[in-house]
Structures are given as C-alpha cells and as structure tokens.
Amino acid sequence: MSLKSAWSAWERWWFGPTDPRRMALLRIGWALLALWCYVPMFSELDWMLTDAGTYSVQARLDNWSPARWNLYANPLWQVGSLEGVQLIFGTGLLMVALAGAGVFTRVTFPLAWLIILSAANRNPVWSDGSDAILRVFGFYMLFMPLGRSWSFDAWLRVRRGKADPGLPSKWALRLFQLQAAVLYVKTGLIKVMQERWQSGEAVWHALSAQVYWRFQMEDVLATRAMEWFSIAATYGTLVFELGWPLIFFRRLRWPMIIGGLGLHLGIWVFLNLGGFSEAILWCYLAFVVPAAWRVGDTGDAPER
C-alpha cells in the first residue's frame with residue numbers, strides 16, 4: 001500500500017460519511033437513560049443540591065475551580081433554595097426529553113448536557129458511574145448532528161422543503177468509540193496491577209460484598225462451581241477489557257459485543273451497581289452498524 005492510499009484510508013476512517021441513524025440511536029438511548037437516572041432524583045433535590053443539603057453553597061464556593069463550574073453555585077450567582085434548584089433541574093429534564101425526541105436538538109441537547117454536568121459539579125457525592133458515562137460520552141455527542149434522523153428536526157426539514165444535508169462525517173462518532181476503548185483499556189490496566197486480579201480472586205471478593213447483592217447468595221458462593229466461575233470471570237474480564245480495541249475490526253466486532261453483553265449482564269444479575277451496566281451497554285450502540293446502514297462505511301478498511 002502506497003503512502004497516498006494509506007493516508008486516504010486514514011482520512012476515510014476518521015472523516016468518511018456515515019449513516020445519521022447511528023447518531024440518532026445514540027441520542028434516543030442517551031435521553032432514555034438520563035430520564036431513567038435523573039427523574040427519581042427530583043424528589044431528593046433538597047439534600048442533593050440546596051443550601052440546606054449535604055453540601056452548602058458556601059462549601060462549594062470555598063472549593064471553587066473553573067472545572068467545577070455549575071448553574072447552581074458559582075462566583076457570579078448562587079441558587080440555594082429548593083424552588084430555584086427544582087426550576088433548574090426540572091428544566092434539565094425537559095431538555096433531555098426534547099432532545100430525545102429530536103426537538104431543536106442543537107439547542108436542547110447542549111442545554112440538557114450542561115444542566116446534568118452542573119448537578120454533578122454542584123455536589124459530586126451523588127454522582128455514580130452511570131452519571132459519569134452520560135456526561136463524558138455526552139460531551140462527544142455535542143459535536144454530532146443528532147437531529148439529522150429520527151427526529152422532529154428531520155420532520156420539520158422535510159415539511160419546510162429543505163434539501164437533505166447528506167451523510168454526516170463520522171469524526172465525532174470515532175472520538176466516542178475511542179473514548180470507549182480508552183475506558184476499557186485503562187480500567188483493565190488498573191486492574192491487572194492489583195493483587196486480587198492477579199491471583200484470580202477479584203470477582204469472588206466483588207460477589208461477596210453483601211451491600212451490592214440483588215439476592216441472598218450465601219449458598220451460591222459456597223459451591224465449588226462458583227469458585228471456579230469467579231476465577232474464570234476474573235481473568236476473562238482482564239482479557240476482555242484489555243482486548244476491547246479489537247472491536248474496530250469488523251470480523252471481531254460482534255464477538256466483542258457479545259462478550260461485553262455477557263460481562264455486564266452478569267454483573268447486573270448478581271450485583272446492584274446502579275445504572276452502570278445499562279449505561280456502558282448503551283455505548284455499544286456506537287459500534288452497531290446494520291448492513292442497511294453501511295452506505296457511508298464502504299471504505300472503512302480498519303473495520304473490515
């Protein structure tokens with residue numbers, strides 16, 4: 001392969017066209033997950049985000065940094081009352097719903113993401129893994145044309161007789177995918193340095209943490225089969241996470257996705273870790289390319 005053809009393949013991999021339905025699928029999944037995670041929190045805003053809660057406005061300002069900027073407590077204004085907090089948070093939920101439906105997506109999605117980010121920056125105590133995934137991966141979605149398909153925006157464009165803008169570039173989708181790879185590989189590297197993972201005991205210790213049990217597991221953990229399963233699951237998790245970049249090769253994509261489904265559904269069955277499993281499996285949508293959606297991916301050499 002010549003240098004010119006290699007460069008051309010690299011450009012296609014990063015900037016080639018892709019089907020906008022891939023980004024629409026991410027948008028809808030993001031909105032559904034966000035509503036599922038944040039609607040129940042509306043009844044807990046008094047202790048989460050008000051001045052009388054676990055983290056006062058003054059405490060936030062005393063530990064202020066630009067990286068912790070938020071709409072609730074910042075050097076320019078402070079919102080400490082329950083009514084004010086409910087107004088901001090409720091507006092965020094409305095923006096999430098509108099973004100999910102694709103209503104004026106270029107405005108509603110950034111506002112939804114900003115309000116979600118603000119809540120975590122205002123009081124990080126209540127933030128968990130699922131919330132972090134929605135915020136981090138939502139950042140890359142800010143650069144995607146999320147309303148191009150399956151949206152009110154698309155319907156309105158057709159209604160007004162505007163020309164089809166064509167297939168979008170995949171560069172923001174690539175960043176999304178690479179972030180997923182970084183997440184898995186970094187997590188795998190951290191684990192492989194720990195003694196419990198090296199000895200094959202990590203999954204056993206995780207399953208033994210009763211605070212996370214979905215059901216009583218004393219009898220299950222006492223079996224010889226569960227002991228061997230825990231060892232296999234420990235080493236299997238390390239291999240899977242460190243090998244996640246293999247998903248970029250088309251022939252290995254579905255085996256990796258199926259492996260991830262097994263891993264995270266297994267975690268979900270045994271342990272209650274909030275919405276982490278659901279959130280990470282949502283990220284897999286970025287790698288799903290049905291045959292009918294490959295119109296813009298025919299030159300995607302690294303994925304063949």
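This is a predicted model, so every value here is computed, not measured.
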Any donor-acceptor N/O pair, [X] side chain to [Y] backbone, under 3.5 Å:
X	Y	result
S149	P20	no
N272	Y212	no
Y55	T50	no
W282	L26	yes
Q198	V192	yes
R157	R160	no
D51	V57	yes
S8	K4	no
Y235	G200	yes
R148	G166	yes

Looking at [X] and [Y], what are the two nearest heavy atoms and their distance?
X	Y	value
W77	L71	NE1-O, 3.0 Å
P110	T105	CD-O, 3.5 Å
L242	V185	CD2-O, 3.9 Å
P17	K170	O-CE, 3.5 Å
R60	R122	CD-O, 3.6 Å
W213	S208	NE1-C, 4.0 Å

Same apolar cluster: M23 and F104, side chain cutoff 4.5 Å: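 No, M23 and F104 fall in different hydrophobic clusters.
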
Pairing of D131 and R135 as salt bridge, 4.0 angstrom limit: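 Counted as a salt bridge, because a side-chain N and a carboxylate O are separated by less than 4.0 Å.
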
Contact check, side chains of F270 and R214, non-hydrogen atoms, under 4.5 Å: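 Answer no - side chains too far apart.
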
R27 and S151, any side-chain heavy atoms less than 4.5 Å apart: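 In short, these two side chains touch, coming nearer than 4.5 Å.
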
Steps toward side-chain contact (heavy atoms from CB on, under 4.5 Å) verdict (L271, L207): CA-CA 7 Å; L271 302 175; L207 293 175; 4.3 Å; yes

Report the distance from atom [atom1] of [X] to atom [atom2] of [Y], rounding to the nearest 0.5 Å.
X	Y	atom1	atom2	value
D62	S56	CG	OG	7.5 Å
E218	Q210	CD	CD	5.5 Å
L114	M95	CG	CE	12.0 Å
I231	M226	CD1	CE	12.0 Å
Q179	L175	CD	CG	9.0 Å
Q78	N70	CD	CG	10.0 Å

Whether [X] and [Y] hold their rings parallel, tilted or perpendicular, with breakpoints at 30° and 60°:
X	Y	answer
W10	W13	parallel
Y284	H264	perpendicular
Y184	F240	perpendicular
F176	Y140	perpendicular
F139	W113	tilted

Test log, rule side-chain contact (heavy atoms from CB on, under 4.5 Å), inputs I88 and Y72: CA-CA 8 Å; I88 296 175; Y72 300 94; 3.5 Å; yes

Intermediate values then yes/no, side-chain contact (heavy atoms from CB on, under 4.5 Å), L183 and W244: CA-CA 10 Å; L183 185 153; W244 180 257; over 6 Å; no

R196 charged N/C atom sitting above W204 aromatic ring, 6.0 Å / 45°: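 No, R196 does not sit over the ring of W204.
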
R22 to W293, cation-pi by 6.0 Å centre distance and 45° axis angle: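 R22 over W293 ring: no.
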
Distance flag, aromatic centroids of Y38 and W30, threshold under 6.0 Å: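 Here the rings of Y38 and W30 have centres that are no less than 6.0 Å from each other.
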
